[in-house]
Amino acid sequence: VQLQASGGGLVQAGDSLRLACVASGGTFNRLIMAWFRQAPGKEREFVAQINRNERSFSGDSVKGRATISRDNAKKTVWLQMNSLKPEDTAVYYCAAKKNSILSESRVFTLQSSYDDWGQGTQVTVSS
């Protein structure tokens, strides 16, 4: 699966941003989709996940401020980030996990759980 992320940019603290990730190849509606982020000098961090049944999860650092959603017909997953903070500055990556079951309820927070990755989109939040 090829993934193309977009929507990053330079925003001010308190602003909102919506990232998009478009998939090509593969069967999108069988994928678990997720967003990770990596700040300079830090490890890549889990942000949010959405399963085939649209059950979603978010990481502690963005809980209450991030919403992940998907449109299988458009083969797209979005990450809506609100009340952005300078510490949200990072490169945001979308990721896909193949061959998931429809009833999947687990949260996959490790990078190694995902099969395919997008190229990343930079989000910079100024104070």
Kindly indicate, with the supporting measurements, whether the criterion side-chain contact (heavy atoms from CB on, under 4.5 Å) is fulfilled by M81 and Y92. CA-CA 11 Å; M81 292 281 294; Y92 284 70; 4.0 Å; yes
Looking only at the side chains, is there a donor atom on one of [X] and [Y] sitting less than 3.5 Å from an acceptor on the other?
X	Y	answer
T124	Q122	yes
T76	D71	no
S58	R65	no
E45	S61	yes

Please check: side-chain N/O of [X] versus main-chain N/O of [Y], any donor-acceptor pairing under 3.5 Å?
X	Y	answer
N82	S16	no
Q4	C21	no
S100	R30	yes

If you round to the nearest 0.5 Å, how far is [atom2] of [Y] from [atom1] of [X]?
X	Y	atom1	atom2	value
D115	K98	CG	NZ	5.5 Å
L110	R44	CG	CZ	13.0 Å
E54	M33	CD	CE	13.0 Å
R52	L31	CZ	CG	8.5 Å
D15	S126	CG	OG	8.0 Å
W117	L3	CH2	CG	10.0 Å

For residues [X] and [Y], report the shortest heavy-atom separation together with the two atoms involved.
X	Y	answer
T121	G7	OG1-N, 4.0 Å
T89	V125	OG1-N, 2.9 Å
Q119	A5	NE2-O, 2.9 Å
A34	I68	CA-CD1, 4.3 Å
L102	N53	O-ND2, 3.0 Å

With side-chain contact (heavy atoms from CB on, under 4.5 Å) as the criterion, how do W35 and V77 come out once you've worked through the C-alpha distance, each side chain's angles and the decisive distance to 0.1 Å? CA-CA 9 Å; W35 288 93; V77 60; 4.0 Å; yes
Hey, does R55 have a side-chain heavy atom less than 4.5 Å from the side chain of S105?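 With C-beta onward as the side chain, the pair touches.
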Is the shortest side-chain heavy-atom distance between L17 and L84 below 4.5 Å?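 Contact flag for L17/L84 side chains = yes.
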How far apart are the C-alpha atoms of I32 and F108, what are their side-chain angles, what is the distance that settles it, and do they pass the side-chain contact (heavy atoms from CB on, under 4.5 Å) test? CA-CA 9 Å; I32 288 175; F108 299 93; 3.6 Å; yes
Under 4.5 Å between side-chain heavy atoms, counting indirect links through other Ile/Leu/Val/Met/Phe/Trp/Tyr residues: same cluster for V62 and F57 or not?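 In one cluster: no.
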What about V1 and L79, same hydrophobic cluster or not, with Ile/Leu/Val/Met/Phe/Trp/Tyr joined at side-chain heavy-atom distances under 4.5 Å?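 Same cluster.
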Other residues, nucleotides, ligands: >12 heavy atoms within 6.0 Å of K42 NZ: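 At most 12 heavy atoms, drawn from other residues, nucleotides or ligands, come within 6.0 Å of this atom.
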Suppose we call two aromatic rings close when their centres sit under 6.0 Å apart. Are Y114 and F36 close by that rule?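 For Y114 and F36, the ring centres are under 6.0 Å apart.
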Can you confirm if the NZ or CZ of R70 lies within 45° of the ring axis of F28 and under 6.0 Å from the centre of its six-membered ring?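 That pair qualifies as a cation-pi contact.
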Are D88 and R37 ion-paired here, with the side-chain N under 4.0 Å from a carboxylate O?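 Yes, this pair counts.
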Full working for side-chain contact (heavy atoms from CB on, under 4.5 Å) between Y93 and V47: CA-CA 9 Å; Y93 298 90; V47 176; over 6 Å; no
